[in-house]
Q: 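What follows is a structure written as structure tokens; I'll ask about it next.
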2 protein chains.
Amino acid sequence: MSIRNPKQALYEQFAIVAKALGHPLRLEMIEHLAQGARSVEALAAKLGQPVANISQHLQALRRAGIVSAERDGKFVHYSLADDSVLSAFASVRGVAERRLAEVDRIVRGYFDARDDMRPVTRGELQTLMRDGLVTLIDVRPADEFALGHVPGAINVPLGEIKAWSAGTDASKEVVAYCRGPWCVMSFEAVAALRSLGHPARRLEDGMPEWKAAGLPVEVADRE
Amino acid sequence: MSIRNPKQALYEQFAIVAKALGHPLRLEMIEHLAQGARSVEALAAKLGQPVANISQHLQALRRAGIVSAERDGKFVHYSLADDSVLSAFASVRGVAERRLAEVDRIVRGYFDARDDMRPVTRGELQTLMRDGLVTLIDVRPADEFALGHVPGAINVPLGEIKAWSAGTDASKEVVAYCRGPWCVMSFEAVAALRSLGHPARRLEDGMPEWKAAGLPVEVADRE
DNA sequence: TCGTCATTCAATAATTCTATTGAATGACGA
DNA sequence: TCGTCATTCAATAGAATTATTGAATGACGA
């Protein structure tokens, strides 16, 4: 390593963090780890990737101080190092949202552009829930729901939307949320519900943001 | 390009932004552009880099929506696309600060570790300035000072510290600031002043952050 | 102690990124 | 129209990153 002045050395340290965020798979990993700690194998299964690949990316994230690892017997559980990681992710997303027309095009192009995609804010949701005006569904897989969800939410994983909708009052509006503001599952849930004639909207963002906002989180009973 | 689902496509867009931030030189460029718009040549001169290299990096930043370009005759002036860029930079820095012990080591190792490096907050500074208890110096080059500085600050570029100090009341404390929270010039200014027997501290961060906090900025008269 | 299993390491080929060089572009002023 | 100058482009070589493969490590339980 060449001799560097402190200015260069500092920029290099900052760049290590940004570089670690600069890969789609690693960003997806971060979003998953934001739901709760995961072993390498569990994370690999969630993402449909080979274990060795996930392991290497996890170590890139660890070198950057983004995730931390804790060994538990044969397993190594990875989790986000602290909340600053989520805020860094959010601001990178913020630049992309505001600047890259592509992001908007992707969402509007893939889903039905004619529908009103305006999300429900957290504040609105709390009012609507208090008055019993909406049903809140958490469309993440059951294990993620169990690790923490919005109080009063029902867990309806994406694959069960149709069956669930059939046994529900189709006039009551549904609000769906999942892993984050751009988590595709809630878009798909809303699209599915609307095609079934069910009024539905997305929550503006997902579980980690709800928690980060200091709002109450309900955890499934252990056993 | 292969067929992607929208989830992958979104993560790729976010990764483009993070990847663009993932290079030390580009981060330094962003910090300079945060002081004000610059032509390619001016930026290259500031960074001591070949023009073609800077041009290429600027285009990488532009593709990511981080900077915007505006042609003015023969010159193309680049500037930060919006304030979300600064907040993204700040949160990447936040992860690095909190997680990378290396960053702290660099600063403490390079400068005199025995000195108290605790910075003055913006709030403290306003009180101290109002009561006339400190002299505030802006150690950036004159052209950056001219584009906007903290009201009441005196421009003392790094090379002029010694001469300036000689003609000043050595008992009055000096507060120094420059381009940002880790801008090395203010560390060096404080070290230089202290070695000259002048009490000195750093402001917690620099000009762009002052402006972003909504505080008043003084601009040099045009002429 | 040995086998099992989660994780990491090492080696690799393919791809992407980077800095440099020199030529091309495009706008201004003579 | 031509020369000048700021910027961009194109081509290159070198370096870094990535996914894959299979072997090594390290902890548990029999």
Side-chain angles (χ1 to χ4, degrees), chain A residues 1-2 4 8 11-30 32-33 36-64 66-79 143, chain B residues 1-2 4 8 11-30 32-33 36-64 66-79 143:
Chain A
M1 192 168 299
S2 64
R4 302 162 306 182
Q8 279 179 304
Y11 284 122
E12 274 171 31
Q13 295 303 316
F14 302 152
I16 286 171
V17 173
K19 204 177 292 188
L21 294 174
H23 191 287
L25 187 55
R26 287 197 290 265
L27 290 177
E28 195 176 354
M29 290 165 65
I30 289 171
H32 276 273
L33 291 177
R38 295 261 174 265
S39 69
V40 179
E41 199 178 30
L43 192 57
K46 286 260 178 202
L47 303 188
Q49 287 282 322
V51 171
N53 195 18
I54 294 299
S55 175
Q56 301 215 111
H57 281 299
L58 279 170
Q59 276 162 78
L61 289 172
R62 193 162 59 161
R63 278 193 297 274
I66 288 172
V67 306
S68 56
E70 196 179 348
R71 183 170 270 277
D72 174 25
K74 283 197 285 195
F75 297 81
V76 176
H77 290 285
Y78 282 90
S79 52
D143 62 317
Chain B
M1 193 168 299
S2 65
R4 303 161 307 180
Q8 281 179 301
Y11 284 121
E12 275 171 31
Q13 295 303 315
F14 301 151
I16 286 171
V17 173
K19 203 175 294 187
L21 295 174
H23 191 286
L25 186 55
R26 285 195 293 265
L27 290 177
E28 196 176 353
M29 290 165 65
I30 289 171
H32 275 273
L33 292 177
R38 294 260 174 265
S39 70
V40 179
E41 198 179 31
L43 193 56
K46 287 259 179 203
L47 303 188
Q49 286 282 322
V51 170
N53 194 19
I54 294 299
S55 176
Q56 300 214 111
H57 282 298
L58 279 169
Q59 277 163 79
L61 290 171
R62 193 163 60 162
R63 277 193 298 273
I66 289 171
V67 307
S68 56
E70 195 180 349
R71 183 171 269 276
D72 173 26
K74 284 197 283 195
F75 297 83
V76 177
H77 290 284
Y78 282 89
S79 52
D143 61 317

Q: Below the 4.0 Å mark, does D:dA19 have OP1 or OP2 next to a side-chain nitrogen or oxygen of A:His57?
A: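 Indeed, a polar side-chain atom of A:His57 lies that close.
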Q: Between C:dC9 atom P and A:Arg62 atom CZ, what is the distance in whole Å?
A: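 It is 8 Å, rounded to the nearest whole Å.
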Q: Calculate the interatomic distance between A:Glu70 atom CD and C:dA6 atom P; express it in whole Å.
A: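 Atom CD in A:Glu70 sits about 19 Å away from atom P in C:dA6.
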Q: Quick one: stems for DNA chain C, with Watson-Crick or G-U pairs under 3.5 Å, at least three in a row?
A: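 Looking at DNA chain C, the stems formed by three or more consecutive pairs are C:1-30 with D:1-30.
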Q: Evaluate the side-chain proximity of B:Leu43 to B:His32: yes if any heavy-atom separation is below 4.5 Å, no if none is.
A: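 Yes, at least one pair of side-chain atoms sits under 4.5 Å.
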Q: Rounded to the nearest Å, what distance is computed from the CD atom of residue A:Gln59 to the C1' atom of nucleotide D:dA19?
A: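 For the pair A:Gln59 CD and D:dA19 C1', the rounded distance is 15 Å.
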Q: I need the minimum non-hydrogen distance between B:Leu33 and B:Tyr78, along with the two atoms involved.
A: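 Looking at all heavy atoms of both residues, the shortest contact is CD2-O, 3.4 Å.
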Q: Kindly point out which of D:dA6, C:dT7, D:dC9 is positioned nearest to the side chain of A:Phe75?
A: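 The listed nucleotide nearest to A:Phe75's side chain is C:dT7.
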Q: Taking 4.0 Å as the cut-off, does a side-chain nitrogen or oxygen of A:Tyr78 come that near to OP1 or OP2 on C:dA6?
A: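 Checking C:dA6 against A:Tyr78, no side-chain N or O comes under 4.0 Å of OP1 or OP2.
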Q: Expressed in angstrom and rounded to an integer, what is the separation of A:Ile54 atom CD1 from D:dA19 atom P?
A: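 Going from A:Ile54 (CD1) to D:dA19 (P), I get 9 Å.
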Q: Report the relative orientation of the aromatic rings in A:His77 and A:Phe75; use parallel for angles under 30°, tilted for 30 to 60°, perpendicular for over 60°.
A: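 Because their plane-to-plane angle is under 30°, the rings of A:His77 and A:Phe75 count as parallel.
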Q: Can you check the A:Glu12 CD to D:dA16 P distance for me, whole Å?
A: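 Going from A:Glu12 (CD) to D:dA16 (P), I get 11 Å.
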Q: Between C:dT8 and A:Ser55, is there an OP1 or OP2 to side-chain N/O distance shorter than 4.0 Å?
A: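 Checking A:Ser55 against C:dT8: at least one side-chain N or O falls below 4.0 Å of OP1 or OP2.
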Q: Whole-Å distance between C:dT8 P and A:Glu41 CD?
A: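 Distance, rounded to whole Å: 12 Å.
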Q: Look for any protein N or O under 3.5 Å of an N or O in nucleotides 26-30 of chain C and output each such pair with its distance, or none.
A:
none

Q: Polar pairs (N or O, both sides) under 3.5 Å between protein and nucleotides 20-25 of chain C?
A:
{"residue": "C:dT20", "atom": "O4", "partner": "B:Gln56", "partner atom": "NE2", "Å": "3.2"}

Q: Below 4.5 Å, heavy atoms only, C-beta onward: do A:Arg38 and A:Leu58 meet side chain to side chain?
A: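 No; the side chains remain at least 4.5 Å from each other.
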Q: Just jot down the side-chain hydrogen bond (donor to acceptor under 3.5 Å, both in side chains) partners of A:Gln59, sequence neighbours excluded, or say none.
A: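 For A:Gln59, the residues satisfying side-chain hydrogen bond (donor to acceptor under 3.5 Å, both in side chains) (neighbours in sequence not counted) are A:Ser55.
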Q: Let me have the donor-acceptor pairs involving side chains of residues 20-29 of chain B, under 3.5 Å, with sequence neighbours excluded, atom names and distances please.
A:
{"residue": "B:His23", "atom": "ND1", "partner": "B:Leu25", "partner atom": "N", "Å": "3.1"}
{"residue": "B:Arg26", "atom": "NE", "partner": "B:Ala20", "partner atom": "O", "Å": "2.7"}
{"residue": "B:Arg26", "atom": "NH1", "partner": "B:His57", "partner atom": "ND1", "Å": "3.1"}
{"residue": "B:Arg26", "atom": "NH2", "partner": "B:Lys19", "partner atom": "O", "Å": "3.3"}
{"residue": "B:Glu28", "atom": "OE2", "partner": "A:Lys7", "partner atom": "NZ", "Å": "3.2"}

Q: Where the side chain of A:Arg62 meets the backbone of A:Ala64, is there a donor-acceptor pair that is under 3.5 Å apart?
A: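 No.
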Q: Can you sort out which residues in residues 17-30 of chain B have a heavy atom within less than 4.0 Å of DNA chain C? Ascending by number, please.
A: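 Nucleic-acid contacts, sorted: B:Lys19, B:His23, B:Arg26.
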